[in-house]
Novice: 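Below is the structure I would like to discuss, written out as structure tokens.
What you see is a predicted model, and the numbers here were worked out from it, not measured in a lab.
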Amino acid sequence: MHDRPELMDELPEPLREATRLLRDTPEAGALWRERVLREVSKQRLPAIVQSEARRTRWTFHPVSAIAAGILCAVIGGATVAAALRARAIETGGAASRDRAASQSAQMAPMHQQANQTSRLAATAESQLDHAPVRFRFTAPGAAKVSVAGDFNAWNPSVLPLRRSADGRTWEIVVQLAPGRYAYAFVVDGKLIADPNAPQATDDDFGTPSSVVMVKGS
Amino acid sequence: MTVPAARLVTHDDVEGYKHSSMTDAALVRGVLAGDPFAFAALMDRHSGVCLRYALRVLGNREDAEDVTQETFVRAYGALGRYDGSVALRTWLMTILVNRCRTALALRSKREARIVIDIDAVMSAAGPGTNGSDALRDSLANAIARLDAAHREAFLLKHVEELSYEEMSLVTGVGISALKMRVQRAREKLQSWLEEDRNA
């Protein structure tokens with residue numbers, strides 16, 4: 001239990017004192033604990049999922065709209081071509097067959113283009129919310145610098161920085177989804193906060209770390 | 001390369017000790033990575049606070065334990081969605097507050113009025129001097145007399161010590177409305193405590 005004077009000041013006596021007494025924490029009990037853990041053990045291991053906001057948010061981005069429009073036009077064209085070909089086959093004739101063949105030949109690259117467009121659209125969609133974030137650290141004497149943070153599970157080996165031409169600074173650009181990330185540089189094995197970024201005031205680990213906020217579009 | 005121990009999950013030492021020194025964020029990562037001890041450590045850290053709130057809201061130990069159990073079971077299943085944007089405790093309180101509301105709604109359908117097991121509530125709170133016991137009992141009685149919305153607001157603000165922003169996230173109620181509820185609850189409780197003292 002801890003006292004917070006600024007909070008206590010809001011309450012008059014004797015309410016203040018009585019409220020302080022209510023903060024005693026009851027014991028959960030070993031049997032209760034066991035019951036909960038047993039219940040939990042029946043569940044599957046929770047999996048990391050994308051945030052609800054990203055998954056359920058509906059946005060219309062110009063690139064997506066344009067890509068969807070092109071796709072619809074291509075599908076429409078392919079449908080018309082298929083109908084024409086079917087009619088040509090029914091009526092027979094070499095000229096019709098030649099025309100259909102040339103239309104198919106024209107449609108093949110259009111199909112490929114449609115596939116490519118839909119792939120591009122899907123890629124663009126997935127990267128729509130990501131923004132490039134440049135991490136830069138000055139350490140002329142360092143042998144190795146990387147960045148570790150909430151965006152890479154604090155793994156110091158997956159995002160090594162590249163040394164600049166003059167050898168003084170290290171840099172990397174990382175694509176990050178909107179959000180708040182705590183991070184630090186790992187300089188020759190030692191965690192160092194970014195001197196050019198706000199310090200994380202709520203760092204759980206008791207080690208220096210900084211904060212970067214990535215805004216959405 | 002050395003990385004501070006706080007950032008590494010190791011199993012060299014006694015599990016309980018290592019997990020007790022790990023932060024919420026590290027424990028959540030541990031759960032998601034399949035660490036069998038990490039969730040127990042999270043529970044040990046937060047169950048008392050959750051039980052405390054549930055006891056004050058529901059008024060009896062059995063219901064409070066059930067609701068707290070539901071909270072942790074749900075939290076386990078949803079841990080993958082916890083993105084660290086709020087403190088884990090706040091996140092747990094969101095689940096707990098909703099569970100308590102559901103429990104109260106179900107109970108009110110069954111009973112004409114809520115029965116408060118004051119002895120259970122008092123014994124759960126721990127020992128104190130005679131004077132402080134009486135004061136605590138008096139306030140607990142008074143809180144039980146509040147309607148659910150005012151009780152919830154007062155407990156979250158002054159017992160659980162959440163900020164109004166956190167309370168808004170937890171309850172889904174606007175900050176202005178919460179402030180009014182807390183103020184009204186304070187006035188009522190103060191008045192009832194005075195009556196108790198003068199009686």
Novice: Is any side-chain heavy atom of B:Ser47 closer than 4.5 Å to one of A:Glu27?
Specialist: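 No, too far: nothing below the 4.5 Å cut-off.
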
Novice: Heavy-atom distance under 4.5 Å between the side chains of A:Leu15 and B:Phe154, does that happen here?
Specialist: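 They are in contact (side-chain heavy atoms under 4.5 Å apart), so the answer is yes.
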
Novice: Using salt bridge (Lys or Arg N to Asp or Glu O under 4.0 Å), reason through B:Glu160 and A:Arg23 one step at a time and then give a plain yes or no.
Specialist: CA-CA 8 Å; B:Glu160 303 309 325; A:Arg23 293 201 193 100; over 6 Å; no

Novice: Examine whether an atom of B:Glu194 lies under 4.5 Å from a heavy atom of chain A, and if so say whether it belongs to the side chain, the backbone or both; otherwise answer neither.
Specialist: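 It is the side chain, since no backbone atom gets that close.
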
Novice: Measure across A:Arg33 and B:Ala40 and return the closest heavy-atom pair with its distance rounded to 0.1 Å.
Specialist: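 Result for this residue pair: NH2-CB, 3.5 Å.
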
Novice: For B:Thr68 and A:Val36, what are the C-alpha separation, side-chain angles and deciding distance, and is it a side-chain contact (heavy atoms from CB on, under 4.5 Å)?
Specialist: CA-CA 9 Å; B:Thr68 307; A:Val36 179; over 6 Å; no

Novice: Measuring from A:Glu17:CD to B:Arg136:CZ, what's the distance to the nearest 0.5 Å?
Specialist: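 Reported to 0.5 Å precision, the distance equals 11.0 Å.
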
Novice: Does any heavy atom of chain A fall under 4.5 Å from the side chain of B:Leu155, the backbone, both, or neither of them?
Specialist: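 Contact with chain A is absent: no heavy atom of B:Leu155 under 4.5 Å.
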
Novice: Pick one of side chain, backbone, both or neither for B:Leu51, based on which atoms fall under 4.5 Å of a heavy atom in chain A.
Specialist: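 Both backbone and side chain.
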
Novice: Closest heavy-atom contact between B:Val73 and A:Glu39?
Specialist: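 In terms of heavy atoms, the two residues are closest at CG2-CG, 3.6 Å.
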
Novice: How long is the span from the OH atom in B:Tyr76 to the OG atom in A:Ser41, to the nearest 0.5 Å?
Specialist: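 Interatomic distance, B:Tyr76 OH to A:Ser41 OG, rounded to 0.5 Å: 8.5 Å.
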
Novice: Given the rule in the salt bridge (Lys or Arg N to Asp or Glu O under 4.0 Å) test, do B:Arg52 and A:Asp24 qualify, once you have shown the distances and angles that lead to the verdict?
Specialist: CA-CA 8 Å; B:Arg52 176 178 72 192; A:Asp24 289 338; over 6 Å; no

Novice: Can you tell me how far apart NE2 (B:His46) and OG1 (A:Thr25) are? Round to the nearest 0.5 Å.
Specialist: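 That separation rounds to 12.0 Å.
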
Novice: Restricting to non-hydrogen atoms, name the atom on A:Thr19 and the atom on B:Leu139 that form the minimum distance, rounded to 0.1 Å.
Specialist: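 Here A:Thr19 and B:Leu139 meet closest at N-CD2, 3.5 Å.
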
Novice: Do you know the tightest heavy-atom contact between A:Ala28 and B:Glu65?
Specialist: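 Shortest heavy-atom separation between A:Ala28 and B:Glu65 comes out as O-OE2, 3.9 Å.
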
Novice: Is there a side-chain contact between A:Arg35 and B:Asp66, using heavy atoms and a 4.5 Å cut-off?
Specialist: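 Yes, their side chains come closer than 4.5 Å.
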
Novice: Are more than 12 heavy atoms, taken from residues, nucleotides or ligands other than B:Glu62, located less than 6.0 Å from that residue's CD atom?
Specialist: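 No, the 6.0 Å shell around CD holds no more than 12 heavy atoms from other groups.
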
Novice: Heavy-atom distance under 4.5 Å between the side chains of B:Phe72 and A:Leu37, does that happen here?
Specialist: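 Not touching, per the 4.5 Å side-chain cut-off.
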
Novice: Considering residues, nucleotides and ligands other than B:Arg74, do more than 12 of their heavy atoms fall under 6.0 Å from its CZ?
Specialist: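 No, because the 6.0 Å sphere around CZ of B:Arg74 holds 12 heavy atoms or fewer from other groups.
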
Novice: Determine the minimum heavy-atom distance between B:Gln69 and A:Trp32, stating which atoms define it.
Specialist: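 Shortest heavy-atom contact: N-CZ2, 3.7 Å.
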
